[in-house]
Amino acid sequence: MVSRYSDVYGQWQSDPEGFWAAAAADLDWFKPWDKAFDAEAGVYGRWFVGAECNTCHNAVDRHVAAGRGAQAAIIYDSPLTGTKARISYAELLASVQAMAATLVDQGVGKGDVVIVYMPMIPEAAVAMLACARIGAIHSVVFGGFASRELATRIDDAKPKAIISASCGIEPNRVIAYKPLIDEAIEIAGHKPEAVFVLQRPQVAAALKPGRDHDLGQAMAANAGRAAPCTPVAATDPLYILYTSGTTGQPKGVVRDNGGHMVALVWSMRNIYGVEPGEVYWAASDVGWVVGHSYIVYAPLLFGATTIVFEGKPVGTPDPGTFWRVISEHKVAAFFTAPTAFRAIKKEDPNGTYLAKYDVSCLRTLFLAGERADPDTVQWAETMLKIPVVDHWWQTETGWTIAGNPVGLGLLPIKHGSPTVPMPGWDIRILDDAGHEVAPGTLGNIVARLPLPPGCLPTLWKADARFRSAYLDEFPGYYKTADAGFRDQDGYLFIMARTDDIINVAGHRLSTGGMEEVLASHPDVAECAVIGIHDEMKGQIPCGFVVLKSGVSKDAEAIEKELVKLVRDKIGPVAAFKLAIKVERLPKTRSGKILRGTMQKIADHEPWNMPATIDDPAILDEIESAIRARGIGV
Ligand code: COA
Ligand code: AMP
């Protein structure tokens with residue numbers, strides 16, 4: 001099939017507003033828009049201004065009304081607990097109404113924020129949809145973050161309520177959530193009025209009378225109650241999702257209702273090449289953007305079946321888990337991070353486990369979240385014998401910037417490239433002075449404004465930070481903070497971040513945030529955290545610390561304390577396991593720490609002595625410290 005990509009991209013180029021207005025026709029609107037795009041509204045313009053809609057209505061009620069009530073909306077498959085469940089659209093509607101009624105009784109309404117801190121269970125999706133139903137704004141926090149991170153989000157989002165579960169389950173331990181929530185509320189200045197806790201069989205959470213409620217009991221009491229969908233403006237926020245910035249203060253990415261629905265529904269057919277009624281699986285977590293967009297909203301808005309998977313690619317119980325789920329539930333399109341495939345490849349390089357299952361239902365594998373290294377892509381292609389499609393996007397964009405649109409007809413795949421910009425995206429590569437560079441030349445990847453529907457209109461209550469973080473450096477463009485190049489055929493290659501964000505097992509983390517934690521240790525004078533290469537996780541953080549003069553404590557003991565400190569303050573997901581004491585840090589004459597050079601040394605990459613270095617001998621010391629730990633060997 002010849003790809004229709006060029007035609008469709010051309011249609012968008014010649015009439016962007018008409019293009020997205022046509023896509024919007026697939027959804028129900030309570031009131032049509034006055035303008036598909038209003039350049040005067042918001043920071044850089046707003047989509048579907050004047051329209052009223054409800055995301056939950058479109059994701060649930062609309063399908064029940066159209067006769068999909070009996071179709072599975074969610075399949076819950078949890079190898080970690082040995083549980084499987086099938087939830088039809090009609091059952092989902094009933095649960096969402098019961099949870100929405102519970103929130104309404106608590107006084108939660110349009111514009112109120114609700115934090116959702118939940119593991120991978122269907123109730124997490126129900127909570128998100130219940131908020132959307134009543135016009136409340138959810139903010140999901142990933143379970144692998146510690147109390148202090150949760151507290152930061154509580155203080156920024158100021159939630160009226162928190163919805164949680166008694167525990168999350170990791171292969172090696174059960175994590176009681178309630179003590180983490182109690183501690184976070186203790187640390188935070190803002191105090192939510194209510195905490196709803198779903199009691200899971202593994203842990204019974206202690207509930208504080210007055211503030212805490214048993215979610216299961218409340219929903220049972222509200223079973224059968226109708227909770228109507230509240231009309232909201234298309235431009236009203238649906239959710240806030242915090243993501244790592246360059247400091248310990250995360251950025252609250254705002255998603256609207258109208259544009260978000262339009263972009264996601266368009267992506268399902270055109271990018272992922274699936275049809276309503278098919279099974280679509282994104283093996284991520286609801287705490288990340290992939291989980292928001294492609295576990296919950298896109299499949300449900302589109303009338304597909306989504307899978308909520310509580311497990312890992314390996315060890316739950318073996319590297320055949322993904323293949324079992326695909327085969328058992330007839331998954332047509334599968335989306336995961338390359339790191340998951342690296343983990344499987346390490347344990348089952350010859351595909352012995354794959355051979356046990358019939359995965360002929362699977363048409364395409366999609367990868368995102370980090371650079372898809374050619375080795376991993378090739379291995380997946382050889383094993384599965386289907387197209388393996390890399391696509392590039394960010395929490396901020398909510399859907400694909402560059403990809404290979406399966407529904408429009410696959411373009412030739414080039415390993416190492418997520419292919420080409422999707423309609424909505426005018427991507428340029430600029431040098432630091434803002435001039436476009438020639439094909440093949442590395443530069444800053446930027447998108448010409450306005451951003452398409454579905455992307456962040458701003459940061460939560462922080463327009464100025466939104467401008468300074470994304471729009472000011474290259475006027476007229478959105479800065480992706482990714483560096484890369486375009487080849488002669490127009491294919492994009494995404495090579496590295498231009499800021500201090502690192503990507504650990506597909507999770508986005510701020511080294512600046514980790515440095516803030518290390519610097520808070522009483523014995524640390526200064527520090528630098530860099531991301532070093534890791535075979536499975538892509539990158540892992542490594543901290544270098546200079547101790548205050550006069551500190552006589554054993555360096556090894558301090559290093560252990562630092563590892564624990566980052567785990568306690570940021571969370572296990574930071575995967576911070578390497579703290580190294582050094583005498584000095586390499587700096588430029590103006591005092592800037594040479595993190596880039598340190599990273600190259602750690603990764604055994606060729607590096608040049610920076611011309612501005614203050615004392616070249618320090619780099620030798622760093623190299624010895626790195627080699628002494630066996631890093632990069
Ligand atoms: N709640 C609590 N802790 C969590 C957690 C959660 N939801 N998710 C992860 N953690 C913990 C892990 O238990 C681990 O703790 P440990 O240091 O005690 O072992 C730590 O955080 C690091 O987790 P992770 O990065 O997941 O590493 P891992 O070694 O446990 O597993 C992979 C490695 C590759 C199997 C795993 O990272 C994976 O499945 N990655 C897929 C990536 C993905 O889904 N990305 C989302 C974007 S698409
Ligand atoms: P997140 O906001 O967590 O989704 O992380 C977004 C960042 O992950 C991007 O800015 C990239 O640095 C990286 N990333 C995501 N997908 C890809 C991809 N397909 N190729 C290369 N890098 C990617």
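Nothing here was measured: the structure is a model prediction, and the numbers come from that model. Order of appearance sets the numbers: ligands from 1, and atoms from 1 within every ligand.
Of all protein heavy atoms, the one lying nearest to atom 20 (C) of ligand 1 is Pro572 O, 3.2 Å. Protein heavy atom nearest atom 42 (C) of ligand 1, with residue, atom name and distance: Ala505 O, 3.2 Å. In terms of protein heavy-atom proximity, atom 26 (O) of ligand 1 is nearest to Lys312 NZ, 3.6 Å. Of all protein heavy atoms, the one closest to atom 13 (C) of ligand 2 is Asn503 ND2, 3.7 Å. Closest protein heavy atom to atom 3 (O) of ligand 2: Arg508 CB, 3.3 Å. Remark: minimum distance from atom 4 (C) of ligand 1 to any protein heavy atom is reached at Glu170 CD, 3.5 Å.
Remark: distances from the non-hydrogen atoms of Pro171 to ligand 1 are all 4.0 Å or more. Taking 4.0 Å as the cut-off, Gly369 does not count as a neighbour of ligand 1 on heavy-atom distance. Residue Lys577 places a heavy atom less than 4.0 Å from ligand 1. Assignment of Phe335 to the shell around ligand 1 is not supported, since no heavy atom sits closer than 4.0 Å.
Just one of Phe366, Phe334, Phe302 meets the ring-ring contact (aromatic ring centres under 6.0 Å, His included) condition when paired with Tyr272; it is Phe366.
Both cation-pi conditions hold for Arg153 and Phe145: the charged atom is under 6.0 angstrom from the six-membered ring centre and inside a 45 degree cone around its axis.
His415 and Glu381 share a donor-acceptor pair across their side chains, judged by distance under 3.5 Å alone. One side chain, Arg255 or Tyr239, offers a donor N or O that lies under 3.5 Å from an acceptor on the other. Checking Tyr353 against Asp318 by side-chain atom types alone, no donor-acceptor pair falls below 3.5 Å.
Counting heavy atoms closer than 4.0 Å to ligand 2, residue Asp482 contributes side-chain atoms (C-beta onward) but none from N, CA, C or O. Counting heavy atoms closer than 4.0 Å to ligand 2, residue Trp288 contributes nothing at all. Under 4.0 angstrom from ligand 2, the non-hydrogen atoms of Arg497 all belong to its side chain.
The environment of Lys345 atom NZ is dense: over 12 non-hydrogen atoms of other residues, nucleotides or ligands sit within 6.0 angstrom. Environment of NZ in Lys479: crowded, with over 12 heavy atoms of neighbouring residues, nucleotides or ligands closer than 6.0 Å. The 12-atom threshold is exceeded at CZ of Arg629, counting heavy atoms of other residues, nucleotides or ligands nearer than 6.0 Å.
Backbone and side-chain nitrogen or oxygen atoms of Glu396 are examined, and none is located within less than 3.5 angstrom of a nitrogen or oxygen of ligand 2.
Taking a cut-off of under 4.0 Å to the non-hydrogen atoms of Ser284, the atoms of ligand 1 that pass are 44 (O), 46 (C), 47 (C), 48 (S). In the vicinity of Thr395, heavy-atom distances shorter than 4.0 Å reach the ligand 2 atoms 1 (P), 2 (O), 3 (O), 4 (O). Atoms of ligand 2 found under 4.0 Å from any heavy atom of Ile494, numbered from 1 in the order shown, are 21 (C), 22 (N).
Checked for salt-bridge contact, Asp373 and Arg371 miss the test: no charged N lies under 4.0 Å from a carboxylate O.
Distances from atom 15 (C) of ligand 2 to the heavy atoms of Ala337, Gly369, Gly484, Gly398 put Gly369 nearest.
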